[in-house]
Amino acid sequence: MAFLKTYARLWTDDLDQALPLLEELTGEQPHLRLAFEQVALAAIGNFLVIAGPAEERARYSHASATVVVDDLDALLATLTSAGATVTTPTTGGPTGRFLYARHADGAEIEYVEWTPELVRRIIPG
């Protein structure tokens, strides 16, 4: 199991307002943009920008980062053996599969296994 990408999470009311500065700072355009439930998301550089009403964003604010892995099942076995607690079980989403886990030290992370197409498109070679 390998980590493919790690995103710092940024929270905003308005995605379109947040992106121009991030484009300037990173020198990149968003490589991923989508809606999930009641929030809008954009991935740019090493940032995952999560936008929407504060009460909707709060549903996801317990995780401090989003980590893309190549094998969610292997990750789950490692997390379990290390005493982590799965707080959101493996679920399908628009980019593949994900879960949320709280590590034994209290840190909570969202782990995502992207679809093969997304990995080919976004992860260098």
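Only this structure's heavy atoms are used, side chains among them; waters, hydrogens and symmetry mates stay out.
Comment: Arg33 engages Asp16 in a salt bridge, judged by a side-chain N to carboxylate O separation of less than 4.0 angstrom.
Taking the six-membered ring where tryptophan is involved, the planes of Tyr111 and Phe3 are tilted, since the angle between them lies from 30° to 60°.
Side chains of Thr66 and Arg9: a donor-acceptor N/O pair is present below 3.5 angstrom, by distance only.
The environment of CD in Glu24 is sparse: at most 12 heavy-atom neighbours from other residues, nucleotides or ligands sit within 6.0 Å. The environment of Gln17 atom CD is sparse: at most 12 non-hydrogen atoms of other residues, nucleotides or ligands sit within 6.0 angstrom.
Taking CG of Leu99 as the start and OG1 of Thr87 as the end, the distance is 8.0 Å to the nearest 0.5 Å.
Residue pairs meeting the ring-ring contact (aromatic ring centres under 6.0 Å, His included) criterion with at least one partner in residues 33-63, sequence neighbours excluded, are Phe36-Phe98, His62-Tyr100.
Between the Arg102 side chain and the Ile109 main chain, no donor and acceptor come within less than 3.5 Å of each other. The backbone N or O of Gly45 sits less than 3.5 Å from a side-chain atom of Glu28, completing a donor-acceptor pair. Using modelled atom types, one side-chain atom of Ser81 and one backbone atom of Thr78 make a donor-acceptor pair closer than 3.5 Å. Between the side chain of Glu110 and the main chain of Ala63, no donor-acceptor pair closer than 3.5 Å is present.
A cation-pi contact, defined as under 6.0 Å to the ring centre and within 45° of the axis, links Lys5 to Tyr7.
The shortest side-chain heavy-atom distance between Arg121 and Leu32 falls under the 4.5 Å cut-off.
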